[in-house]
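Hydrogens, waters and symmetry mates play no part in the numbers below; they use all other heavy atoms, side chains included.
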Amino acid sequence: MILHGTSISPSVRKIMLALNYKGLRYELQPLNPYIEKELAHKRHPMGKVPVLEHDKLTIIDSTVIAHYLDDVYPIPPLYPGNAQIRWLESYAATRVSALIGGVLFYQKVLRQKIQNKTCDEEAVEQCLTHHLPDVLHYLNQQIPHQGYVSDHFSIAEISLWSVFRSGWMSGLRLQPHYPQLHAYLQRIELEPWIANFIAEEDHQLQDFYCEPMILPHSPT
C-alpha cells in the first residue's frame, strides 16, 4: 500500500489512523498539493490528497478510502453499523474541516508558520467568534458522556480527532466552554496507538504548533 499525501493534512491523517487501527502496513509518499500541484492533479482529478494505491487500484477521497479498507479488511470495522458514525464523519469532513482546517489551520499554521506569510487575523477572529462556537456547541451535545459514538471505536472518532488535532496545532483549546467534547477527544488520545501517533507527530511537527487561543464564549 502506498498512501500519497502529507501527514499534516487532517484528511491524510484520517487515513493514516485508519490504516494503523487495522494494523495495515503502508508507505507514505509525501505529496503537498499546495506546492506539487501538477503531480497532485496526476494522482487526483481535483488535485487533492489523500490518494491510496493498492493492488493496482488507485482510490481517492478519504471517505471512499475508508470504505474500501473496510471492504477489503473488515476486521476491526471502521463502520460498525451506526448511522451516527457516518453522519459525524461527514460533518467532520465538511463543516468542521471548513472552519478548523480551512480557516484556523490554514491561516495560523500553513500561512504563518510554514509559508512565513501574514496571518489574516480578522478571518481567524470571525471564525472563533461567529462561526466555530455553534459547531462546537452542536458537537458538545452530540458526543456521548462516556465511551465512543458506537459501542466500538470507529471512523467517527478518527475523523473528528483528525480535524481537531489540526485545530490543536493551530492553538484551539476547548476548555472550559466545551468540556464534554474536550473529554471525548482526550479519551481518543488514551488509545495506545493514537498516543504513539501523537508522539511521532510531535517529534516531526512541533515547530509549527501555535500558542493557545482562548475561545471568547460558548453559545447558549
Side-chain angles (χ1 to χ4, degrees), residues 1-70 72-73 78 89 92-94 96-119 155 157-172 188-189 191-210:
M1 276 189 191
I2 299 176
L3 179 63
H4 299 273
T6 173
S7 61
I8 205 168
S9 159
S11 297
V12 176
R13 183 184 298 115
K14 170 183 169 181
I15 298 305
M16 292 174 70
L17 291 172
L19 289 164
N20 290 350
Y21 179 58
K22 288 181 175 288
L24 299 173
R25 299 184 65 177
Y26 64 94
E27 176 188 347
L28 180 64
Q29 284 282 351
L31 175 60
N32 188 330
Y34 290 99
I35 299 174
E36 303 167 283
K37 294 183 179 180
E38 184 176 346
L39 179 58
H41 277 280
K42 287 182 180 179
R43 302 286 187 198
H44 189 303
M46 297 171 66
K48 295 183 177 181
V49 290
V51 175
L52 183 72
E53 290 186 72
H54 182 233
D55 285 346
K56 298 182 180 180
L57 294 174
T58 299
I59 307 101
I60 59 177
D61 183 85
S62 67
T63 300
V64 175
I65 294 172
H67 278 286
Y68 172 80
L69 293 175
D70 247 20
V72 180
Y73 303 98
L78 293 167
E89 179 193 23
T94 52
V96 185
S97 184
L99 294 174
I100 291 180
V103 180
L104 299 185
F105 185 77
Y106 175 73
Q107 292 294 337
K108 301 289 289 185
V109 178
L110 286 180
R111 281 187 61 85
Q112 185 170 291
K113 292 283 188 176
I114 296 177
Q115 299 176 348
N116 199 27
K117 295 181 179 179
T118 302
C119 170
I155 197 67
E157 281 71 50
I158 288 174
S159 300
L160 287 168
W161 187 83
S162 295
V163 177
F164 276 100
R165 175 66 171 167
S166 293
W168 186 89
M169 291 178 180
S170 309
L172 179 64
I188 296 172
E189 294 184 358
E191 296 283 344
W193 57 281
I194 295 278
N196 290 338
F197 186 90
I198 292 172
E200 293 177 6
E201 204 167 51
D202 286 345
H203 177 70
Q204 297 172 357
L205 303 175
Q206 61 181 342
D207 289 343
F208 301 124
Y209 296 170
C210 300

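Sorted by first and then second residue, the salt bridge (Lys or Arg N to Asp or Glu O under 4.0 Å) pairs with a member in residues 7-18 read R13-E201, K14-E89; sequence neighbours excluded.
Scanning both residues, S62 and I15, for their nearest heavy atoms gives O-CD1, 3.3 Å. A pairwise comparison of heavy atoms in S7 and L28 identifies CB-CD2, 4.2 Å as the closest pair. Minimum interatomic distance between A18 and L69 (heavy atoms only, all atoms of both residues): CB-CD1, 4.2 Å. Shown here for S166 and I100, the closest heavy-atom pair between the two residues is C-CG2, 4.2 Å. The nearest pair of heavy atoms linking Q112 to C119 is OE1-CB, 2.9 Å.
Here the OG atom belonging to S9 is positioned 8.0 Å from the CZ atom belonging to F105, to the nearest 0.5 angstrom. If you take CE on M1 and CG on L19, they are separated by 6.0 Å, rounding to the nearest 0.5 Å. Atom CD of residue Q29 and atom CG of residue L52 lie 12.0 Å apart, to the nearest 0.5 angstrom. The OG atom of S170 sits 13.0 Å away from the CZ atom of F208 when rounded to the nearest 0.5 Å. I158 CD1 to I188 CD1: the interatomic distance, rounded to the nearest 0.5 Å, is 9.0 Å.
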Legend entry - Trace of the salt bridge (Lys or Arg N to Asp or Glu O under 4.0 Å) decision for K22 with D70: CA-CA 9 Å; K22 288 181 175 288; D70 247 20; 2.7 Å; yes
Inset, instruction - Might you work through the side chain to side chain contact (heavy atoms under 4.5 Å, CB included) test for Y26 and H54, ending with a clear yes or no? - result: CA-CA 9 Å; Y26 64 94; H54 182 233; over 6 Å; no
Inset, instruction - Could you check E191 against L17 for side chain to side chain contact (heavy atoms under 4.5 Å, CB included), going step by step and ending with a plain yes or no? - result: CA-CA 11 Å; E191 296 283 344; L17 291 172; over 6 Å; no
Inset, instruction - Decide yes or no on side chain to side chain contact (heavy atoms under 4.5 Å, CB included) for K113 and Y209, but give the supporting numbers first. - result: CA-CA 8 Å; K113 292 283 188 176; Y209 296 170; over 6 Å; no
Legend entry - Pair L57-Y68, side chain to side chain contact (heavy atoms under 4.5 Å, CB included): steps then yes or no: CA-CA 11 Å; L57 294 174; Y68 172 80; 3.9 Å; yes
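Two residues are said to be in side-chain contact when any heavy atoms from C-beta on lie closer than 4.5 Å; R165 and P10 fail this criterion. At least one side-chain heavy atom of V109 sits under 4.5 Å from a side-chain heavy atom of I8. A 4.5 Å side-chain heavy-atom check between I155 and Y21 finds every atom pair outside the cut-off.
Between the side chain of R111 and the backbone N or O of Y106, no donor-acceptor pair lies under 3.5 Å.
Just one residue in the list T63, I65, V64 forms a side-chain contact (heavy atoms from CB on, under 4.5 Å) with H67, and that residue is T63.
When the salt bridge (Lys or Arg N to Asp or Glu O under 4.0 Å) test is applied to K117, no partner is found at least two apart in sequence or on another chain.
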